[in-house]
Amino acid sequence: MADQKGTKRSSVESDAQGSKRIKTDDKYNPYLAHLNMDGANDGFKSPLDEMERHTTTALEAAKAEDSDVNPWTGKPHSENYFKILKTRRDLPVSKQRAEFLELYHKTQILVFVGETGSGKTTQIPQYVLYDELPHQTGKLIACTQPRRVAAMSVAQRVANELDVELGQEVGYSIRFENRTGPKTLLKYMTDGQLLRESMHDPNMSRYSCIILDEAHERTLATDILMALLKEIAQRRSDLKIIVMSATLDAQKFQSYFSLGKEDPPAPLLAVPGRTHPVEIFYTPEPERDYVEAAVRTVLQIHAVEPEGDILLFLTGEEEIEDACRRISLEVDDMVRESDAGPLAIYPLYGTLPPHQQQKIFDKAPEPFRKGGRPGRKCIVATNIAETSLTIDGIVYVVDPGFSKQKIYNPRSRVESLLVSPISKASAQQRAGRAGRTRPGKCFRLYTEKAFKKELIEQTYPEILRSNLSNTILELKKLGVEDLVHFDFMDPPAPETMMRALEELNYLACLDDDGGLTKLGSLASEFPLDPALAVMLISSPEFYCSNEILSITSLLSVPQIWIRPNNNRKRADEMKAQFAHPDGDHLTLLNAYHAYKGAEQSGEDVKKWCHEHFLSYRHLSSADNVRAQLKRIMETHEIELVSTPFNNKEYYTNIRRALLAGFFMQVAMKESSNSKIYKTVKDDQMVMIHPSTVVSSPYDWVVYNEFVLTTKQYIRTVTNIRPEWLLEIAPVYYDIDTFEKGEIKSALTRLTEKVKRRQAMKGGY
DNA sequence: GAGCACTGC
């Protein structure tokens with residue numbers, strides 16, 4: 001029996017002395033090689049066999065690529081392969097392959113800058129593949145992406161380019177889906193996924209090269225990964241790191257990845273993009289009403305500019321729907337009065353169901369009559385069109401200069417969305433959307449002076465705008481002891497860190513010295529916010545872990561309730577069917593149980609959801625989350641139990657269990673005849689969100705989130721009894737820690753009452 | 001009596 005491709009099925013590892021030894025993996029036992037053959041070309045000599053790791057030249061690699069037989073599989077290359085190869089060689093990045101390899105051989109950490117259209121995301125990992133020769137070492141190449149769709153689609157593309165089956169030599173790994181296998185050499189994945197993996201493999205020992213793509217987006221996960229990789233690089237000289245980014249921030253990345261303070265910055269390689277020029281226009285004066293100005297601009301473009309589609313950026317659903325209505329009305333007039341061409345208008349935002357999002361890819365409408373004025377489409381979008389979705393054919397971009405951004409106030413511990421001016425980098429990204437297919441124009445609805453003087457260079461990285469309790473827990477799990485000196489590219493505000501540490505301490509995930517507790521370690525295993533994880537872990541003590549598991553899943557997905565503007569009353573009636581008088585958490589659970597019931601009785605669940613004004617998409621995604629969380633619970637032997645449904649404690653137990661995680665999110669009614677509540681300890685005045693089902697006026701409620709809009713609301717609330725607080729979270733509800741006020745007096749009265757009752761019962 | 005920028009585990 002032929003040992004397939006010689007050493008290909010074994011792995012070479014460098015040991016401490018640097019000498020090489022051959023290790024045979026059980027899976028690739030040569031005696032079982034026939035099981036792995038799948039039509040491979042026996043006796044085939046791969047051009048890779050003659051190549052030595054970390055010495056590959058562009059010429060050698062190209063030669064291997066040109067071979068009739070696929071060097072990675074031993075199968076003949078398809079016709080299509082050579083067709084794609086030709087287009088790959090035309091990409092801007094291809095001209096710099098030699099330069100890239102030389103630099104790659106010389107350095108451990110490399111910053112790579114490439115504009116859109118340079119081909120970096122698909123090509124660089126393949127250049128690395130031909131140099132790392134992962135089949136020799138058994139170590140993979142990883143390339144991270146901020147978004148799942150990108151990880152999936154790029155992996156598919158690269159699998160095609162390498163003429164292999166997706167999931168074999170090239171695969172991807174995202175939450176809920178791992179399409180990689182024992183043969184996988186190159187793996188695309190989300191940044192969050194790599195971060196999760198690293199929690200069980202702090203040296204990232206499975207990889208020989210890690211490529212962080214789209215690093216300029218500065219997602220929370222990418223920022224943490226950069227800091228971790230910087231540390232790991234010092235322990236593991238065999239690990240190579242490539243940080244890929246758009247141009248603007250290159251220097252910042254270079255100096256961050258310089259190894260010591262005295263060391264030179266990490267080397268940089270820049271590749272031009274392939275886009276068309278975009279002409280920028282500013283308004284001479286600032287605009288007072290940017291929606292109005294945007295609508296006018298779109299109409300103006302439609303009236304006078306040559307053929308080409310329009311993309312307008314606005315901040316949110318309401319604004320977008322409003323603008324679409326206004327444009328549509330005005331265009332009708334234009335068509336009637338001045339013989340304008342047809343204009344198809346599409347709204348685009350994240351919460352739009354996928355089939356409606358798809359519509360933006362429809363062709364622009366045909367002229368009304370042959371030879372008439374051309375038709376075009378106009379897409380009115382949120383930031384989703386800035387990075388996540390690319391629409392070809394856009395020639396005109398209208399940019400009012402605003403977007404909704406998450407901000408975090410550590411003092412009040414509230415995350416909220418605020419309409420804010422965008423950064424210069426965002427403005428450039430938006431303008432670039434006009435030049436994907438041919439030269440375009442971008443109309444900025446602000447002055448050139450405002451662009452130069454008022455816009456910040458970069459949007460603040462997410463790490464500076466978020467609650468970090470989750471992140472801090474992850475870092476503790478990763479063994480980072482000293483968070484103060486942890487080398488963040490942009491260190492978060494000390495107060496944000498303090499708040500996170502404090503919250504984790506109250507949740508008993510960290511002890512008083514900041515050390516990770518057993519509970520904290522367990523909580524970090526769950527892809528959940530710490531409060532949710534602690535609630536879930538504690539739930540067996542309340543005999544309702546099945547139910548809390550469902551509620552946790554439902555709280556981890558977007559709202560399942562659908563309330564169309566033209567059918568609110570009917571939607572509210574349907575929701576009332578699921579309403580539980582004790583609160584919204586229980587109502588969610590009722591809806592979920594009804595959904596599972598419908599599913600089990602063999603109904604058409606999509607139809608059932610539609611009739612009940614429930615989101616099928618979000619309910620089934622809650623089901624997915626539930627399955628994942630359940631697996632984690634089983635792994636760690638957290639019991640799945642329920643109180644019998646006919647037991648009168650069924651709902652009480654659930655309400656009590658909520659407090660095990662959310663005892664810090666409790667509010668008390670200010671006075672008996674009021675709608676105003678006050679949050680415990682923070683003393684913030686809040687109102688219960690009008691979407692609630694609770695009708696009877698409770699004195700004490702637990703809430704899932706704090707929403708800051710026109711007023712301060714608490715959303716998803718459930719009635720609780722204050723005695724439970726003293727019992728379930730005695731440390732937090734130690735009366736001495738409360739400021740003088742109504743809540744303190746209420747708790748004091750309560751404590752005395754409880755003591756009296758215990759004295760009577762206990763008899764001392 | 002109101003809303004949900006966008007991602008990710």
Side-chain angles (χ1 to χ4, degrees), chain A residues 144-151 173-178 189-200 214 217-225 313-322 347-352 357 381-389 402-407 415-420 422 426 429 459 461-463 465-466 470-471 473-474 477 523-530 532-533 553 556-565 568-569 571-572 615 618 621 624-625 628-629 632 675 687-693 695 705 707-715:
Chain A
T144 69
Q145 297 293 321
R147 282 166 292 278
R148 284 187 211 161
V149 269
S173 174
I174 59 177
R175 186 182 186 181
F176 305 127
E177 203 186 355
N178 180 6
M189 65 205 300
T190 48
D191 49 9
Q193 181 76 26
L194 182 60
L195 190 58
R196 273 272 134 200
E197 265 187 17
S198 72
M199 286 175 40
H200 294 110
E214 314 290 356
E217 288 195 29
R218 303 292 307 276
T219 65
L220 239 169
T222 292
D223 266 25
I224 303 297
L225 284 172
F313 285 100
L314 289 175
T315 67
E317 173 176 347
E318 208 180 308
E319 218 173 72
I320 287 170
E321 295 292 354
D322 176 47
L348 174 65
Y349 42 86
T351 46
L352 216 56
Q357 284 191 10
T382 61
N383 254 2
I384 195 170
E386 204 179 291
T387 48
S388 310
L389 273 170
F402 293 98
S403 72
K404 276 191 193 173
Q405 287 166 32
K406 183 171 76 176
I407 48 165
E415 276 181 352
S416 51
L417 284 174
L418 194 70
V419 174
S420 326
I422 60 171
S426 266
Q429 177 74 17
T459 311
E462 201 184 356
I463 198 166
R465 300 183 284 120
S466 308
N470 210 349
T471 304
L473 184 64
E474 279 168 6
K477 173 77 173 188
S524 71
E525 296 285 333
F526 290 90
L528 293 170
D529 277 340
L532 283 168
S553 313
S556 313
V557 298
Q559 285 275 343
I560 60 165
W561 314 106
I562 291 174
R563 198 162 181 260
N565 278 333
R568 292 183 189 172
K569 200 166 157 237
D572 290 346
S615 161
H618 297 153
S621 117
N624 256 334
V625 174
Q628 187 192 24
L629 298 177
I632 300 173
K675 290 195 162 174
M687 289 175 74
I688 296 186
H689 196 274
S691 64
T692 188
V693 297
S695 49
E705 59 180 344
V707 193
L708 183 66
T709 53
T710 46
K711 298 196 186 79
Q712 299 191 60
Y713 291 108
I714 48 177
R715 189 161 53 189

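In the text below, chain A, chain B and the rest are named by the order of the sequence lines, each starting its count at 1.
- Sequence order on DNA chain B of the closest nucleotides to A/S691 and A/R196 puts A/S691 first from the 5' end.
- For A/F176 and B/dC9, the CZ to P distance is 8 Å, given to the nearest whole Å.
- A/R148 pairs by the salt bridge (Lys or Arg N to Asp or Glu O under 4.0 Å) definition with nothing, not counting sequence neighbours.
- Closest non-hydrogen pair, A/F176 versus A/Q628, comes out as CE2-OE1, 3.6 Å.
- Remark: A/K406 engages A/E462 in a salt bridge, criterion side-chain N to carboxylate O under 4.0 Å.
- Between A/E415 and A/R465 there is no salt bridge, since none of the side-chain N atoms of the basic residue sits less than 4.0 Å from a carboxylate O of the acidic one.
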Take nucleotides 3-8 of chain B nucleotide by nucleotide from the 5' end and write B, S or -, depending on whether a protein heavy atom sits under 4.0 Å from the base, only from the sugar-phosphate, or from neither.
-> BBBSSS

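- Between A/I224 atom CD1 and B/dC9 atom C1' the separation is 13 Å, expressed in whole Å.
- More than 12 heavy atoms of other residues, nucleotides or ligands shown are found within 6.0 angstrom of CD on A/E177.
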